[in-house]
Number of protein chains: 2
Amino acid sequence: MRRTAEDAAQTKQAILDAALKVFSKKGYHAARLADIAQYAEVTRGAIYHHFGNKEGLYGELMATASSTGSQIVGGAVAQGGSIADVCQRILVDTFSVLETNSQMRAIMSLWMFNTSEMLKLETFKEQLRQQTVSVIDDLAIHMQTGIEQGVLRDDLAPHVAARAFIAFQNGVIRLWLMNPNAFSIKEDAEALATVLMRGLIGG
Amino acid sequence: MRRTAEDAAQTKQAILDAALKVFSKKGYHAARLADIAQYAEVTRGAIYHHFGNKEGLYGELMATASSTGSQIVGGAVAQGGSIADVCQRILVDTFSVLETNSQMRAIMSLWMFNTSEMLKLETFKEQLRQQTVSVIDDLAIHMQTGIEQGVLRDDLAPHVAARAFIAFQNGVIRLWLMNPNAFSIKEDAEALATVLMRGLIGG
DNA sequence: ATTATCATACATACATGATAGTATGTATTT
DNA sequence: AAATACATACTATCATGTATGTATGATAAT
């Protein structure tokens, strides 16, 4: 029952969508390919055809996830302003979007929670490590210029500032994802972001 | 080959120690009871005898882990000082101890990473949720008095301050655990803590 | 344009391995 | 003697991966 190329692409996307839901909900090991297949309304055969194996499926998922992340950052940078403005905007945007966009929420859950499960796969660990390092390094360069321009505190080491930023962002996201009913991350986004930024902005 | 009661307690502890190592390294699902047994130099029979099943073993582990956490907080509070001093101390202490104490590192790994894997077990999820809520609530009360005393910024909502604090702490710990070679969390502990505290302290 | 051929997109069924759990045996302690 | 603290051996389950089947779209030959 071969379908046309378009149909095939559609099925592949359906599998990816289903995988995102199931992986983010159950974790890597607990998620069964049978679950994903059922959710996508195909059989496991389709999954093996398109992705080779479970790890391959997960890998493609993570690739799209990480590209989404850099997309947000790119958008915030494009709006211009000082490094402080950009950082504030990134925090507020990432916090807010979680509450409104369920797909984004699933992606974040995936990379917040499942990631850790995957750290035993050395290839994954290394890939993630590299990725994090480069994000921090990039950010540190911007922090450096911010410091030189007097926008950020001059007693701040650029890398420390960058790590504080990423840690705070991830921490807030994780805290909220663990219990979304505890508070509204969208309503508190501005206030939370301000706490961290006040620690970075020169005064 | 029954051993004396003392011996039994000793083997039970050995199993817990082994479980901490294996769980924190491999995750819940990937960790095999056979591994844990081998590491503890017993057979799986001993595990089933003392803990009933895999989930029981994990449960007891987490119980000791959470008690360790509140122990650190208790210690920092006992040393006195303003809420700002206490918070700074908690951050610096928790950051520093990670690098020096491998057992603490394993416990943190467990609760940072494996926790998420366990969130599908509803009992666990609820337990963890309650725990987090109460930690935040407690902290918020202290933040409140800090605000009233003028130690912390007066435009800060107590719960926002509390969540920012916990999020930052967890975020830094997680960031470092994911890649301990990227930087020395002990050396940067003071600087990192200062960033967050400057965002909270009134000026 | 029709047909023969091949490649694609899956479904189905089976093989394999791994691991949790159980049942039972046994040596000590109490 | 009865319960404890395990070890050993066995069972059952389950999920991945693979091998194979099949219907159909794509493509080239005639």
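Residue numbers begin at 1 in each chain, while the letters A, B, ... track the order of the sequences. Since this is a predicted model, take the numbers as computed values, not measurements.
- Rounded to whole Å, the distance from NE2 on A:H50 to C1' on C:dT8 is 10 Å.
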Quiz item: Going 5' to 3' along nucleotides 12-24 of chain C, which nucleotides have protein heavy atoms under 4.0 Å from the base (write B), which only from the sugar-phosphate (write S), and which from neither (write -)?
Solution: BB-----SBBB--
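- Atom-to-atom, CG of A:D35 to P of D:dA15 comes out at 8 Å; the value is rounded to the nearest Å.
- Rounded to an integer number of Å, the gap from A:E41 CD to C:dC10 P is 13 Å.
- In this model, the phosphate group of D:dA5 is approached by a side-chain N or O of B:H49 to a distance below 4.0 Å at OP1 or OP2.
- The main-chain N or O of A:M112 is found under 3.5 Å from a side-chain atom of B:R174 such that the two form a donor-acceptor pair.
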Quiz prompt | A:Q131/A:Q127 under side-chain hydrogen bond (donor to acceptor under 3.5 Å, both in side chains): CA gap, chis, key distance, verdict | solution = CA-CA 6 Å; A:Q131 205 173 303; A:Q127 181 184 331; 4.5 Å; no
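- Between B:Q10 atom CD and D:dC6 atom P the separation is 10 Å, expressed in whole Å.
- In this structure, B:K54 satisfies the cation-pi test against B:Y28, with its NZ or CZ atom closer than 6.0 Å to the six-membered ring centre and inside 45 degrees of the ring normal.
- Although no hydrogens or angles enter the test, the distance criterion places a donor-acceptor pair under 3.5 Å between the side chain of A:R89 and the main chain of A:A76.
- Rounded to the nearest 0.5 Å, atoms CE (B:M104) and CD (B:E99) are 14.5 Å apart.
- Here the CD atom belonging to B:Q79 is positioned 10.0 Å from the CD1 atom belonging to B:I90, to the nearest 0.5 angstrom.
- Regarding B:I15, its CD1 atom lies at a distance of 12 Å from the P atom of D:dA5, rounded to whole Å.
- Between A:T11 and C:dC10 there is a side-chain N or O to OP1 or OP2 distance below 4.0 Å.
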